[in-house]
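Below, read A as the first sequence line, B as the second, and so on, with proteins coming before strands; counting in each chain starts at 1. Computed from a prediction, not measured in an experiment: that's the story for all the values here.
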Protein chains: 2
Amino acid sequence: MMGAMEEARIEAAPTAGPYHPRRRSRTPSADVERELVAAAEAVLVRDGPGALTVRAVAAEAGIALQGVYSRLGGKDGLVDALLLVGFGRLTATLEAAQGPDSLGRLRDCGRRYREFSLANPHFYAIMFEDAIPREREEAHPGEVTEQAAAAFTALVRVVEFAAASGAISAPEPTEVAQQLWNTVHGAVALELKGLILTPDPAATYTASLETLIRGLATA
Amino acid sequence: MMGAMEEARIEAAPTAGPYHPRRRSRTPSADVERELVAAAEAVLVRDGPGALTVRAVAAEAGIALQGVYSRLGGKDGLVDALLLVGFGRLTATLEAAQGPDSLGRLRDCGRRYREFSLANPHFYAIMFEDAIPREREEAHPGEVTEQAAAAFTALVRVVEFAAASGAISAPEPTEVAQQLWNTVHGAVALELKGLILTPDPAATYTASLETLIRGLATA
DNA sequence: TTGACTGTAGAACGTTGTTCCATAATTATA
DNA sequence: TATAATTATGGAACAACGTTCTACAGTCAA
């Protein structure tokens, strides 16, 4: 499967010594973690969550297996690093939402949420569906939780903006943002599992969002 | 871990023969599949998806490991059997929805959906979150898909009833039922993952449903 | 009763996450 | 720069997992 690639890292074979005749190259210490996470992302995107094994990632990075444990604390740490990347990108995607008016921006935010999930289905799966079961029962590190909360905050901002303009009623923006999250997450989660039983998932998604906006409209 | 239980199935040791002196009891053929699925449910409910191993289920049932393969086609078949049970129960739960009027029945249906997911979190996880990764890439058998569709049909019926009474507008009940599913699934999926960031998840759930109903109200 | 079927126990295989080790290359210190 | 402390490497090894294969023996049907 990986064939002759690893031979490139053998720099020389100075003597035909008995035990360890060949010199080994070594990844600079400062690069190990970054390269492992980059390799993990490549494996995840290319082959999906099921193919993300510690050995596959180490081979993809050209780094010793042990590096995953000494630098990232094992597979769970590797996945946590990917979660941080994923939630960071989702946050950036949602924060970039814009539109001609406050409702247009809310609609764009919803559209971006779906596009992110469809463009990054494997990322979305590990972020929201535990597509890679955790080996140990420990909770995610605080950074991951905080980045996930940052994505939610982007929704709160959009809701606040729409409420300030009077387009919707949101006395408690967090409550309404949660309703928005429920709707968009439910829609994309079901779509990723093939459980949108209507002919046009995109149209149904838009309709769901419009129903929400109508339900939130000022009386 | 299972200690002395399996000794109970050794009925006698008639002779001190050299190789296989002990007589073995045998599960009646007609019972093997049913008992395996029952044991799998017990393990799933008690210990969660991560503990549902073929060996654990066979031990729980007191049935030889091989039975899972000869009767159910392996772990995936075992999980499919559980999915069938789970979707069947969800369908029954939703079909039992009732209320003083058509909107009351819709509200009860939404309430029942959440209660089912919170009362059966491990079932919900394998039904909607692939909490047990499939070993082979094959699709679920038709029965599973049909039973999942039956659960959705229960939602369609409730929507049709509400539309017929004029409480909501649903020219295409399937479209509206899908919007309802998006909302309730999104809410419970996020709640099961601890991602309801409002103080009172139950209240936010109800509010989400009310916003949906308001958005679907007849103009 | 007899033969076909099939559950049982056990071993075994490959893959997985994980740990440990001696070795050697890099990095930091004096 | 010389020396010491770090740390990446490669390999073996472990337990747990899904899966397959086997001889054996209990059950079921002709």
Side-chain angles (χ1 to χ4, degrees), chain A residues 1-2 6-7 9-14 17-36 40 43 49-59 61-79 132-138, chain B residues 1-2 6-15 17-36 40 43 49-59 61-79 132-138:
Chain A
M1 181 172 271
M2 47 185 182
E6 78 283 5
E7 290 299 326
R9 308 195 65 243
I10 309 292
E11 295 177 348
Y19 285 113
H20 291 283
R22 304 195 283 191
R23 286 177 42 194
R24 294 177 288 190
S25 73
R26 224 182 95 148
T27 307
S29 301
D31 301 346
V32 172
E33 183 169 337
R34 185 174 40 79
E35 291 185 11
L36 279 174
V43 172
L52 196 112
T53 68
V54 177
R55 285 175 175 85
V57 170
I63 290 176
L65 191 60
Q66 183 67 14
V68 176
Y69 296 89
S70 54
R71 285 286 173 178
L72 291 164
K75 185 175 186 182
D76 286 346
L78 193 63
V79 173
I132 304 179
R134 297 186 81 71
E135 299 294 326
R136 290 166 164 69
E137 307 241 341
E138 298 162 15
Chain B
M1 181 170 275
M2 45 186 183
E6 78 283 3
E7 291 299 325
R9 307 195 66 243
I10 310 291
E11 295 178 346
T15 68
Y19 284 114
H20 292 282
R22 304 194 287 190
R23 285 178 44 195
R24 295 176 288 189
S25 72
R26 222 183 100 148
T27 307
S29 301
D31 300 346
V32 171
E33 182 169 337
R34 185 172 40 80
E35 292 186 9
L36 279 174
V43 172
L52 197 114
T53 69
V54 177
R55 286 175 175 85
V57 170
I63 290 176
L65 191 60
Q66 184 68 12
V68 176
Y69 296 89
S70 55
R71 285 286 172 176
L72 291 164
K75 185 175 185 181
D76 287 347
L78 193 62
V79 173
I132 304 179
R134 298 186 81 71
E135 299 295 326
R136 292 166 164 68
E137 308 240 340
E138 297 162 16

Quiz item: Who pairs with A/R55 by side chain to side chain donor-acceptor pair (under 3.5 Å), at least two apart in sequence or on another chain?
Solution: none
For nucleotides 28-30 of chain D, list the nitrogen or oxygen atoms of the protein found under 3.5 Å from its nitrogen or oxygen atoms, one pair per line.
none

Practice problem: Using the closest heavy atom to pick a nucleotide of DNA chain D for each, name whichever of B/R136 or A/A64 lands nearer the 5' end. | Solution: A/A64
Quiz prompt | Pairing residues for B/A56 by the side chain to side chain contact (heavy atoms under 4.5 Å, CB included) criterion, not counting sequence neighbours | solution = B/T53
Quiz prompt | Exam field: side chain A/D76 to backbone A/R134, donor-acceptor pair closer than 3.5 Å | solution = no
Exercise. Not counting sequence neighbours, which residues clear side chain to side chain contact (heavy atoms under 4.5 Å, CB included) with B/A61? List them please.
Key: B/L36, B/A39, B/I63
Self-check item: Nucleotide C/dT19, atom C1' - distance to CD of A/E135 in whole Å
Solution: 14 Å
Show each protein N/O and nucleotides 12-14 of chain D N/O combination with a separation under 3.5 Å, one pair to a line.
from, atom 1, to, atom 2, distance (Å)
D/dA13, N6, A/R55, NH2, 3.4

Quiz item: For the side chain of B/K75 and the backbone of B/V68, is there at least one donor-acceptor N/O pair under 3.5 Å apart?
Solution: no
Exercise. Please state how far atom CG in B/L36 lies from atom C1' in C/dT6, giving the value in whole angstrom units.
Key: 14 Å
Quiz item: If you take all heavy atoms of A/P133 and B/P133, which pair is closest and at what distance?
Solution: CG-CG, 4.1 Å
Exercise. Output the distance between atom CD (B/E135) and atom CG (B/L78), rounded to the nearest 0.5 Å.
Key: 11.5 Å
Exercise. Check the distance between D/dT27's P and B/I63's CD1 and give it to me in whole angstrom.
Key: 14 Å
Quiz item: For DNA chain C, what residues of residues 66-76 of chain B have any heavy atom nearer than 4.0 Å?
Solution: B/Q66, B/S70, B/R71
Quiz item: Within this structure, what is the CZ-to-P distance between A/R26 and C/dA25, rounded to whole angstrom?
Solution: 9 Å
